[in-house]
Number of protein chains: 2
Amino acid sequence: MIDTYLLEGLLAFRNTGTLSAASEKLHLSQPALSRSMRKLEDILDVTLFERQKNKISLNENGIMAADYAAKILDQEKEMVERIRAYDRSRHTITLGSCAPAPIFMLTPILSQTYADMTIASEINGEDTLLRGLSDNTYQIIVLTQPAESDELESIRWQSEHLYITLPPAHPLAGRTGVHLRELNGQTMLLYSQIGFWYDLCMEKMPEARFLMQDEYTALGELVQASALPAFSTNLVRNDDERHMNRVFIPILDSEARVDYYCIFKKKSNTFLNRFLMQIRAEVNPGVKHK
Amino acid sequence: MIDTYLLEGLLAFRNTGTLSAASEKLHLSQPALSRSMRKLEDILDVTLFERQKNKISLNENGIMAADYAAKILDQEKEMVERIRAYDRSRHTITLGSCAPAPIFMLTPILSQTYADMTIASEINGEDTLLRGLSDNTYQIIVLTQPAESDELESIRWQSEHLYITLPPAHPLAGRTGVHLRELNGQTMLLYSQIGFWYDLCMEKMPEARFLMQDEYTALGELVQASALPAFSTNLVRNDDERHMNRVFIPILDSEARVDYYCIFKKKSNTFLNRFLMQIRAEVNPGVKHK
DNA sequence: GTAAGTTACGAGCGACGTAAAAATG
DNA sequence: CATTTTTACGTCGCTCGTAACTTAC
């Protein structure tokens with residue numbers, strides 16, 4: 001019918017006002033564009049331009065045609081974007097979590113359970129995660145409480161307990177437990193991607209100085225190299241630090257113990273079945289699934 | 001971006017189910033279509049088809065893509081149609097009338113006044129004409145009464161008086177005037193494209209037999225060749241019939257005398273100016289316009 | 001003279017068709 | 001064996017760029 005390049009030419013002309021400017025924009029020679037526009041007129045069997053010897057401009061038909069061209073090209077662009085996004089969504093599972101530990105632990109499971117899919121993950125706030133789950137940005141999210149919607153299913157996964165790691169020389173090193181407020185005012189090392197834990201730190205230790213570290217491995221090195229307090233949890237394997245002559249002291253605040261719940265759409269149940277079996281096996285190691 | 005022929009190919013495939021059927025529909029060879037579809041996948045960077053050795057079908061991406069293709073192609077089709085229609089409207093003046101005489105008389109005036117435009121005309125009922133005027137189907141309409149809308153302008157044009165033409169031997173031939181009801185029951189010749197006059201005939205002469213004739217010139221010959229009554233008006237030049245030894249007797253009914261009004265949008269005033277000046281000159285031959 | 005548009009001519013890419021192969025029922 | 005899809009190869013058309021011409025400011 002009408003080749004796309006003709007519409008592109010027309011639109012470029014409308015947006016620039018001259019054939020030469022438009023042709024430059026399109027990385028095309030003037031004559032090529034000139035001929036294209038004549039061809040478009042031929043095809044439509046309508047004049048689109050007012051031609052003076054040395055000047056050319058859209059007539060009323062042309063204005064109308066350019067409007068249509070814009071609409072059509074927009075729609076084509078949308079087509080490409082939407083199809084690519086849809087395809088990507090068919091080949092990726094996106095995991096959203098309110099904290100890093102579930103991502104560290106669940107991503108490898110997803111990767112090997114769905115070997116042909118890409119696993120993406122993000123840390124975000126609870127509201128954002130729930131919205132993302134409903135609009136299919138995420139297929140699975142992890143929160144510290146179950147979801148209440150009828151369309152969602154929640155299964156309890158694991159608990160995470162916070163520890164503070166200290167060098168033996170630290171004044172608090174001999175304690176069997178500390179409250180966060182006791183650490184207020186200290187200078188501490190902190191991983192930056194910790195989701196809701198960050199809010200907790202700000203609330204309980206507003207006076208503390210946190211040396212934020214974006215790189216997880218770099219943080220580990222800093223912990224080893226310094227005498228500063230740092231946080232750890234039961235879900236994180238930091239054998240280095242244990243060997244490195246640090247003591248782990250449990251945080252006593254009730255907020256420092258959370259239960260994680262995997263939440264997903266009931267619709268996804270079939271597809272996620274293989275993953276869910278593995279999760280349930282972890283939670284109840286005694287129960288064997290066939 | 002995406003060439004149109006690729007979208008056409010995809011759509012044809014969806015509508016037929018096999019590449020071979022689709023290619024035939026497109027007057028194209030199978031291999032050409034096969035390659036096109038691969039190219040489309042290349043461009044989108046997405047698989048659109050499930051391919052078995054001997055069979056090919058759309059996958060979910062493909063279904064989505066085909067939907068978009070249909071939408072885009074529809075819009076292109078609409079673009080072509082609308083632009084052509086718009087262009088035609090810019091080059092034609094369409095005259096609508098409730099009776100044939102105004103068309104016969106005004107069309108030549110319009111043709112020579114707007115030599116570069118096409119003049120089209122139609123006979124229709126009053127309601128249809130007014131609707132057509134507002135939606136730009138017509139630029140000028142002729143009714144037997146002025147219009148009342150604020151956006152419209154009406155100017156009185158000419159009057160038309162109905163006559164019956166009879167051979168001298170006819171019983172009514174000696175009268176100086178007749179009422180239509182006196183003709184009820186007779187067999188008469190009638191031109192078919194007479195607009196509202198037809199309704200009048202049906203109302204006043206329900207018992208008459210009308211021999212309808214679609215061709216105006218053919219009607220003239222029939223009138224000459226037969227002794228049947230026929231109608232004429234002051235606006236029609238039928239010199240042949242006058243010479244042919246027929247008598248013209250005025251119809252006395254008040255409905256047989258009508259005034260015609262040219263009605264058009266005030267917006268059109270500028271464009272129609274040249275035409276309107278001619279009309280006014282006809283109505284008031286004494287008044288000269290510069 | 002510079003900048004814009006058109007016309008003319010030749011070149012190269014790409015979409016096409018034909019032919020042949022592979023696979024399925 | 002007929003039908004369908006894919007691969008291979010040669011051809012032709014269509015769009016492109018370069019060059020030359022015309023016109024206007």
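Numbers restart at 1 for each chain; the letters A, B, ... are given by sequence-line order, proteins then strands.
- We find that CG of A:Asn54 is positioned 7 Å from P of D:dC25, with the value rounded to whole Å.
- The closest side-chain donor-acceptor pair between B:Asn136 and B:Ser89, if any, does not fall under 3.5 angstrom.
- Residue-level contact check: A:Ser29 touches the bases, meaning some heavy atom is under 4.0 Å from a base atom.
- With rounding to the nearest 0.5 Å, the separation of CG in A:Leu40 from CZ in A:Phe49 is 7.0 Å.
- The environment of B:Arg88 atom CZ is sparse: at most 12 non-hydrogen atoms of other residues, nucleotides or ligands sit within 6.0 angstrom.
- For A:Arg35 against C:dG5, a side-chain-to-base donor-acceptor contact under 3.5 Å is absent.
- Within 6.0 Å of the NZ atom in A:Lys25, the count of heavy atoms belonging to other residues, nucleotides or ligands exceeds 12.
- For A:Ala32, the listed nucleotide lying nearest its side chain is D:dC16; candidates were C:dT18, C:dC16, D:dC16.
- Atom CG of B:Leu26 and atom P of C:dG17 are 10 Å apart (whole Å).
- As rounded to whole Å, 9 Å separates atom P of C:dT6 from atom CG of A:Leu33.
- The side chain of B:Arg38 has D:dT6 as its nearest neighbour among C:dG17, D:dT5, D:dT6.
- The 12-atom threshold is not exceeded at CD of A:Glu24, counting heavy atoms of other residues, nucleotides or ligands nearer than 6.0 Å.
- Ranked by how close their nearest DNA chain C nucleotide is to the 5' end, B:Pro31 and B:Lys39 are led by B:Lys39.
- Checking D:dA24, C:dG5, D:dT6 against the side-chain heavy atoms of B:Gln30 singles out D:dT6 as nearest.
- Between C:dG14 and B:Ser36, no contact under 4.0 Å exists linking OP1 or OP2 to a side-chain N or O.
- Counting heavy atoms of neighbouring residues, nucleotides and ligands inside a 6.0 Å radius, atom CZ of A:Arg82 does not exceed 12 of them.
- When rounded to the nearest whole Å, the span between NZ of A:Lys55 and P of C:dT6 equals 13 Å.
- Computed from coordinates, the B:Leu19 CG to C:dA23 P distance equals 18 Å when rounded to whole Å.
- The side chain of A:Ser34 contributes an N or O atom lying less than 4.0 Å from OP1 or OP2 of C:dT6.
- In the helix from C:dG1-D:dC25 to C:dG25-D:dC1, the rotation axis of the first five pairs and that of the last five pairs differ in direction by 20°, rounded to 10 degrees.
- Between D:dT15, C:dA15, C:dT24, one nucleotide has an atom nearer to the side chain of A:Asp3 than all others, and that is D:dT15.
- The distance between atom CD of B:Gln52 and atom C1' of C:dG25, rounded to the nearest whole Å, is 13 Å.
- If you take CD of B:Glu24 and P of C:dG17, they are 13 Å apart, rounded to a whole angstrom.
- A salt bridge between B:Lys266 and B:Asp150 is absent, with no side-chain N of the basic residue lying under 4.0 Å from a carboxylate O of the acidic one.
- Taking every side-chain heavy atom of A:Leu28 into account, D:dC16 is the closest of D:dC16, D:dT5, C:dT18.
- Taking atom CE on B:Met37 and atom C1' on C:dA15, their separation rounds to 12 Å, with Å as the unit.
- Using modelled atom types and a 3.5 Å distance limit, the side chains of B:Glu122 and B:Tyr138 yield a donor-acceptor pair.
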